[in-house]
Number of protein chains: 2
Amino acid sequence: MKEMAKLFKALSEDVRLRILGLLCQGELCVCDLMAVLDLPQSTISRHLSYLTNAGWLAGERRGVWMYYRLIDDGGDLQQDLMAVLIKHLAKLPAVARDYARLTQYLKTKNPSACG
Amino acid sequence: MKEMAKLFKALSEDVRLRILGLLCQGELCVCDLMAVLDLPQSTISRHLSYLTNAGWLAGERRGVWMYYRLIDDGGDLQQDLMAVLIKHLAKLPAVARDYARLTQYLKTKNPSACG
DNA sequence: GACACATATCCGCCTACACGGATATATTGA
DNA sequence: TCAATATATCCGTGTAGGCGGATATGTGTC
């Protein structure tokens, strides 16, 4: 019960939904998210911790960079919710704008950086 | 976006999940919920307001009593989420206990009361 | 109108957490 | 070891919202 509420609570915030939306496209590191969402590093990092702690993300360190990706082996409930998220997030205008900015960003990004 | 976060936020609290679980069985009035959940009236009423405002419930006055039921004509996202809730809430031990108490309560309840 | 009852709202108190700048930590490379 | 960079955490500030007793409001009955 607490666990279920915790899953939902993690989804109850705009920035976190935008992060999940972006990660539907594949893993990203903190600096990618900072660039695309245009938010301070501490804000991004805090939300990533929250999502990880709630069981939505997994982080992996590669050198100096931390890559985050969606967890695909959660419980039944979580998998059903993930399907709902994938289906509906992309429809949101704010998320569509983020996708566009991500595409643009990946094009111009220095290849020697994290990606 | 805000709307989506709002839907999820309403689901991020134990008491509200228990209320939704009970209402899956059909409409109930505030006094029913007080009896089954064993919580103060102000607490129940506050959560019902929250759920109604978030678009999860509809309330209807019948005489002195307010009956609440799940909304079945929400948007696409909401309907998908409702299906997930119906599927998973009943599995939770806390909700199963509430069902048992509801059954017991309905048996012993004075028929001249709200029901 | 006066009362009884169901429900909604108010109130003070308290915790969670959002924000973002400042600081601490971790890693790599010179 | 030191500097540079990426990330995590700390901090003070502000707001949302949980709690439940007290009070206000709405409704039916006499």
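Numbers restart at 1 for each chain; the letters A, B, ... are given by sequence-line order, proteins then strands. Quantities reported herein were computed from a predicted structural model and do not represent experimental measurements.
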Hey, is the side chain of A:E13 pairing donor to acceptor with the base of C:dA18 inside 3.5 Å? no
Does A:Q41 contact D:dA6 through a side-chain donor or acceptor facing the base, at a distance under 3.5 Å? no
Restricting to non-hydrogen atoms, name the atom on B:K91 and the atom on B:K87 that form the minimum distance, rounded to 0.1 Å. CE-O, 3.7 Å
Which is true for A:R16 with a 4.0 Å heavy-atom rule: it touches a base, it touches only sugar-phosphate, or it touches nothing? sugar-phosphate
Can you see if the side chain of A:K9 gets near the phosphate of C:dA16 - specifically, an N or O under 4.0 Å from OP1 or OP2? no
Is the phosphate of D:dG20 approached by B:T43 (side-chain N or O, under 4.0 Å from OP1 or OP2)? yes
Which listed nucleotide (D:dG26, D:dC19, C:dG20) is nearest to the side chain of B:V64? D:dG26
Side chain of A:V30 only, heavy atoms from C-beta on: which candidate in C:dA8, C:dG20, D:dA8 is closest? D:dA8
5'-most contact on DNA chain C (nearest-nucleotide basis), A:P40 vs A:Y50, goes to A:Y50
Nearest whole angstrom, please: distance from the C1' of D:dT7 to the CD1 of A:I19. 14 Å
How long is the gap from CD1 on B:I19 to CD on B:E13, to the nearest 0.5 Å? 8.5 Å
Between D:dT9, D:dC19, C:dC19, which nucleotide gets closest to the side-chain atoms of A:S42? D:dT9
Phosphate OP1/OP2 of C:dA8 contacted by B:Y68 side-chain N/O (<4.0 Å): yes
Nucleotide C:dC5, atom C1' - distance to CE of B:M34 in whole Å: 12 Å
What contact category does B:R46 fall into here, base, sugar-phosphate, or nothing, at under 4.0 angstrom with non-hydrogen atoms? base
Using a cut-off of strictly less than 4.0 Å, decide whether A:H47 has a side-chain nitrogen or oxygen near OP1 or OP2 of C:dC19. yes
Taking only the side-chain heavy atoms of A:C29 (C-beta and beyond), determine which of D:dT7, C:dC19, C:dA6 contains the nearest atom. D:dT7
Shortest side-chain distance from A:C31, nucleotide among C:dA8, C:dG20, D:dT7: D:dT7
Take A:L39 and A:R61, find for each the nucleotide of DNA chain C with the closest heavy atom, and name the residue whose nucleotide sits nearer the 5' end. A:L39
Transitive ILVMFWY side-chain link B:W65 to B:M34, under 4.5 Å: no
Distance in Å, B:Y105 OH paired with B:D32 CG, rounded so as to fall on 0.5 Å steps: 3.5 Å
Atom CE in A:M82, atom CG in A:L89: separation rounded to 0.5 Å? 10.0 Å
